[in-house]
2 protein chains.
Amino acid sequence: MQDALIRKLESFEELTDADREALRAFVPRLRQVPARTDLIREGDVPGNVHLILDGYACRYKVLPDGQRQIMAYFVPGDFCDLNVFILDQMDHNIGTISQCQVVEIPRQAIDHMTGHHPLVTRALWWCALVDEAVLREWLVNIGSRSPDQRIAHLFCELLLRLEVVGRVQDNSYPFPFTQIDLADSMGLSGVHVSRTLRELRRLELITLHHRVLTILDVERLKAYCGFNPNYLHLRNARWSGRRQVPWLSSVQGG
Amino acid sequence: MQDALIRKLESFEELTDADREALRAFVPRLRQVPARTDLIREGDVPGNVHLILDGYACRYKVLPDGQRQIMAYFVPGDFCDLNVFILDQMDHNIGTISQCQVVEIPRQAIDHMTGHHPLVTRALWWCALVDEAVLREWLVNIGSRSPDQRIAHLFCELLLRLEVVGRVQDNSYPFPFTQIDLADSMGLSGVHVSRTLRELRRLELITLHHRVLTILDVERLKAYCGFNPNYLHLRNARWSGRRQVPWLSSVQGG
DNA sequence: CGACTTATTGATGCACTTCAAGCGACGTGG
DNA sequence: CCACGTCGCTTGAAGTGCATCAATAAGTCG
């Protein structure tokens with residue numbers, strides 16, 4: 001079940017058997033978390049690192065007026081808070097969307113990993129930077145795209161991210177988000193999300209039944225929202241430019 | 001003139017004389033860059049790290065339809081691309097707003113720094129994480145706040161960030177942004193930014209003359225937009241919770 | 001099956017965009 | 001020195017996209 005993480009990391013970096021073994025050592029800490037449950041809250045002092053092995057979660061803030069803003073979705077293989085522990089306290093919440101399998105990794109374990117598994121370390125860095133790139137793209141999404149493009153863009157992004165961890169079949173993937181979740185992610189009202197989805201269905205770009213999203217025509221959906229996958233820094237686009245990473249070589253004692 | 005960086009880092013971490021000396025070694029690479037000039041473009045392979053010593057810059061993307069989205073502002077003491085070099089290619093642009101003094105730091109220099117100056121390294125980490133936290137808050141800003149609150153929030157944020165590097169006097173700071181810059185940051189039209197600023201002036205919250213912004217009543221402005229500075233992780237709020245940072249201790253060979 | 005949550009649809013209103021014209025500041029060149 | 005062009009800002013008028021309110025319908029879970 002730690003497949004998701006290993007698959008994701010290996011999509012960036014070929015790991016050794018020892019690396020994979022070390023990653024599997026995380027598993028004993030596995031926890032079932034119900035849907036709609038907070039993993040960490042604003043104000044908490046960051047403790048263990050959380051890794052999603054199965055299910056969906058999100059990062060969000062709640063404003064004084066009760067308005068919720070979702071800032072990121074986590075899918076299997078994603079770390080929720082890989083780096084936050086350097087800061088004094090959480091400035092946002094992390095909560096599950098669906099039921100999740102979550103691994104709580106003690107910081108020392110990460111520490112050990114970065115000390116002994118340079119390939120994994122490099123891959124973890126890559127994860128963190130891609131997460132930030134995704135965040136930037138969300139800002140572009142909300143700031144510059146029309147509501148229908150926003151939602152289409154999210155669908156495309158999730159498709160690619162879930163493909164990496166093997167959660168897509170026939171352009172379909174589990175979709176446990178409510179329309180209110182989408183609304184709070186995209187800066188829209190729930191009503192308008194409903195109408196927007198209707199439009200995407202009418203254009204025969206997607207279907208959405210029983211919490212499963214199907215993308216009927218991936219290329220048309222990408223074209224519809226001007227999707228450019230470069231910000232995900234996936235393997236294919238990246239492979240040619242492989243280079244040494246100085247900050248990391250020093251981690252390896254170089 | 002490298003004051004800005006050292007001040008910023010020291011607001012987090014007391015440095016040794018040797019640390020400061022090492023930071024000053026960056027200066028020879030200083031460059032004058034005119035206003036409205038790109039430092040890096042989308043598609044470029046990340047090379048040197050850019051540090052702003054004076055002036056303002058921004059991170060932005062341009063969509064196929066020509067729409068520009070600004071995703072971050074850089075002020076003196078900010079790194080533009082501290083970590084991006086791990087990725088294969090830039091997925092966005094970085095350009096100056098005003099004339100800037102920019103230092104181009106070779107990656108080896110950063111590498112050397114992280115190998116020999118653990119305090120600096122920890123402070124650099126902190127910078128990177130705060131930058132990400134700021135990005136998250138921008139998402140909240142665009143997604144959940146009204147236009148007047150958005151702009152007020154930006155003013156509050158810049159006030160605090162500039163105070164750290166000593167660029168604020170009597171609640172005033174240089175403000176070289178055009179209203180179009182603001183519009184492209186906040187997901188608004190230029191016209192509406194103009195009207196919003198008029199409103200903030202009418203409420204006697206700010207004045208804006210000759211590219212200098214003055215906040216007339218900081219507390220009222222903060223209240224107006226519900227400003228919570230926790231996401232900036234400034235020293236005062238952070239001081240109590242100082243802890244060791246595992247990932248970094250391994251960088252130090254621990 | 002019945003209770004509750006989530007989604008849909010319609011009607012209404014307004015916040016924001018777009019278009020367009022005028023204005024002031026600034027810089028350049030005659 | 002003034003004429004002129006450019007750029008950034010302001011203001012008005014008109015249109016619309018999205019929010020809000022409200023009521024119904026469809027899922028979903030006990």
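First the proteins, then the strands, lettered A, B, ... as listed; each starts at 1. Remember, it's a predicted structure, so these values are computed and weren't measured experimentally.
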**Message:** Tell me if the CD atom of A:E204 is crowded by more than 12 foreign heavy atoms within 6.0 Å.
**Reply:** no
**Request:** Please tell me which of the listed nucleotides, D:dT20, C:dA7, C:dT17, lies nearest to the side chain of A:S189?
**Result:** D:dT20
**Pairwise 5' ranking along DNA chain D for A:R150 and B:R198, keeping only the more 5' one** = B:R198
**Item:** Nearest-nucleotide pick for B:S194, side chain only, options being D:dC9, C:dT9, C:dT17
**Value:** D:dC9
**Request:** Kindly indicate whether the side chain of A:V140, heavy atoms from C-beta on, has any atom under 4.5 Å from the side chain of A:Y231.
**Result:** no
**Message:** In this structure, how many angstroms lie between the C1' atom of C:dT8 and the CD atom of A:E199, rounded?
**Reply:** 15 Å
**Asked** OP1, OP2 of C:dT8 versus side-chain N and O of A:Q179: anything below 4.0 Å?
**Response** yes
**Request:** Take atom NE2 of A:H209 and atom P of C:dA7, then tell me their distance rounded to the nearest Å.
**Result:** 13 Å
**Request:** Using heavy atoms to find the nearest nucleotide of DNA chain D for A:H210 and A:R195 separately, return the residue whose nucleotide is more 5′.
**Result:** A:R195
**Fill in**
Whole-Å distance, B:H192 NE2 to D:dT11 P, equals 14 Å
**Item:** A:Y173 and A:F175 aromatic ring geometry - parallel, tilted or perpendicular at 30°/60° bounds
**Value:** tilted
**Prompt:** Between A:R145, A:R161, A:R150, which is the residue that forms a salt bridge (Lys or Arg N to Asp or Glu O under 4.0 Å) with A:E137?
**Reply:** A:R145
**Prompt:** Stepwise, does the ring pair (Phe, Tyr, Trp, His ring centres under 6.0 Å) test hold for A:Y56 with A:Y73?
**Reply:** CA-CA 7 Å; A:Y56 296 80; A:Y73 286 131; 8.0 Å; no
**Request:** Could you please name the option among C:dT8, D:dG8, D:dT20 that lies closest to any side-chain atom of B:T178?
**Result:** D:dG8
**Prompt:** So which nucleotide from D:dC18, C:dT9, D:dC9 ends up closest to the side chain of B:R211?
**Reply:** D:dC9
**Message:** I want to check one thing: is the phosphate of D:dT10, taken as OP1 and OP2, less than 4.0 Å away from some side-chain N or O of B:R201?
**Reply:** yes
**Request:** Measure the distance from CG on A:L213 to P on C:dA7 and round it to the nearest whole Å.
**Result:** 13 Å
**Item:** Between D:dC18 (P) and A:Q149 (CD): distance, integer Å
**Value:** 11 Å
**Fill in**
Closest of D:dT10, C:dT18, C:dT17 to the B:V191 side chain is C:dT18
